[in-house]
Protein chains: 2
Amino acid sequence: MSLTQLRYFVAVAEEGHAGRAALRLHVSQPPLSRQIRALEEELGVALFDRTAKGMSLRPDGAALLPRAKQILSDVASLADGIRTRPAPNRS
Amino acid sequence: MSLTQLRYFVAVAEEGHAGRAALRLHVSQPPLSRQIRALEEELGVALFDRTAKGMSLRPDGAALLPRAKQILSDVASLADGIRTRPAPNRS
DNA sequence: CATGCTTACGGATCACGTAACCATG
DNA sequence: CATGGTTACGTGATCCGTAAGCATG
């Protein structure tokens with residue numbers, strides 16, 4: 001499991017559509033599809049239902065979504081927090 | 001920034017020694033050294049002091065350590081939580 | 001037959017391990 | 001000169017993008 005996979009998963013979950021998620025992420029659909037599938041295989045569960053209209057969350061995917069977003073948010077704030085701390089002054 | 005880099009960072013921080021960290025992670029020292037350096041460059045700060053005895057945490061590294069451990073722990077529990085949830089029954 | 005996810009395939013990028021190198025006490 | 005981190009270098013794996021394939025309404 002990688003942060004990239006979590007980012008891709010969140011984008012697809014929020015867009016409900018791999019094409020739009022790919023645009024949002026500036027990648028093409030195949031890598032997206034592959035990473036989602038790899039994540040599902042690693043976890044051993046189906047995260048989405050593939051319909052003719054797009055991809056919709058299944059229960060396990062819905063359970064994963066908020067936690068994935070939390071982790072990504074934590075990672076981002078960690079990076080920013082360190083980067084914007086050139087010296088330990090809190091004046 | 002990748003989860004691998006955070007794992008490498010935590011191992012070196014806790015061991016205070018790249019050689020032992022490498023054994024613990026089942027990799028060799030050079031990849032470890034490179035990933036730590038890449039992380040430092042990405043963040044724009046020095047995380048460790050390189051001494052003749054090993055690597056010791058600098059203030060920015062000490063600030064990063066607990067947050068990195070938290071994220072890794074969250075990721076692990078997320079994966080386990082989904083994996084051990086074959087059906088959404090909470091009987 | 002139009003839309004949307006998936007598989008095939010070739011090429012670039014990244015990460016590792018061995019070996020050689022450099023610094024410190 | 002022994003210990004420990006770093007750089008060099010070649011190889012193997014991973015990931016992407018284009019193109020072709022397949023399913024559904």
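So that the names make sense, note that chain A is the first sequence line, chain B the second, and so on, each numbered from 1. The structure displayed is predicted, hence computed values, not measured ones.
Checking side-chain atoms of B:Ser28 against main-chain N and O of B:Pro30 turns up no donor-acceptor pair under 3.5 Å.
Atom-to-atom, CZ of B:Arg50 to P of C:dC22 comes out at 19 Å; the value is rounded to the nearest Å. A straight line from CD of A:Glu42 to C1' of D:dT14 spans 14 Å, rounded to a whole angstrom. Atom P of nucleotide D:dG17 and atom CG of A:Leu32 are separated by 10 Å, given to the nearest angstrom. Summarising the geometry, the separation between CG on A:Leu3 and P on D:dT14 is reported as 18 Å, rounded to the nearest angstrom. Following rounding to the nearest Å, B:Leu23 (CG) and C:dG17 (P) show an atom-to-atom distance of 12 Å. The interatomic distance linking B:Gln29 (CD) with C:dC16 (C1') rounds to 13 Å, in whole Å. The CG-P distance, from B:Leu25 to C:dG17, rounds to 11 Å in whole Å. In this entry the distance linking NE2 of B:His26 with P of C:dG17 reads 11 Å, nearest Å.
Pairs engaging residues 27-41 of chain A under the salt bridge (Lys or Arg N to Asp or Glu O under 4.0 Å) rule: A:Glu40-A:Arg50 [sequence neighbours left out].
The base of D:dG5 has none of its N or O atoms less than 3.5 Å from a complementary donor or acceptor on the side chain of B:Arg34.
In this structure, the side chains of A:Asp49 and A:Met55 stay at 4.5 Å or more apart for every pair of heavy atoms.
Nucleic acid contact class of A:Arg37 (heavy atoms, under 4.0 Å, all strands): sugar-phosphate only.
Distances from the side chain of A:Met55 to the nucleotides C:dC5, C:dA8, D:dG5 place C:dC5 closest. When distances run from any side-chain atom of B:Pro30 to the nucleotides C:dA19, D:dG4, D:dG25, the shortest one goes to C:dA19. The side chain of A:Ala52 lies closest to D:dG25 when the candidates are D:dG25, C:dG25, C:dG17.
Within the 4.0 Å cut-off from OP1 or OP2 of D:dC15, not a single side-chain nitrogen or oxygen of A:Tyr8 is found. Applying the 4.0 Å criterion to OP1 and OP2 of C:dC16, one finds that B:Gln35 has a side-chain N or O inside that range.
Residues satisfying the ring-ring contact (aromatic ring centres under 6.0 Å, His included) test with B:Phe9, not counting sequence neighbours, are B:Phe48.
Position along DNA chain D of the nearest nucleotide to A:Ser2 versus A:Thr51 favours A:Ser2 as the more 5'-ward residue.
No donor-acceptor contact under 3.5 angstrom links the side chains of A:Ser2 and A:Arg7, judged on distance only.
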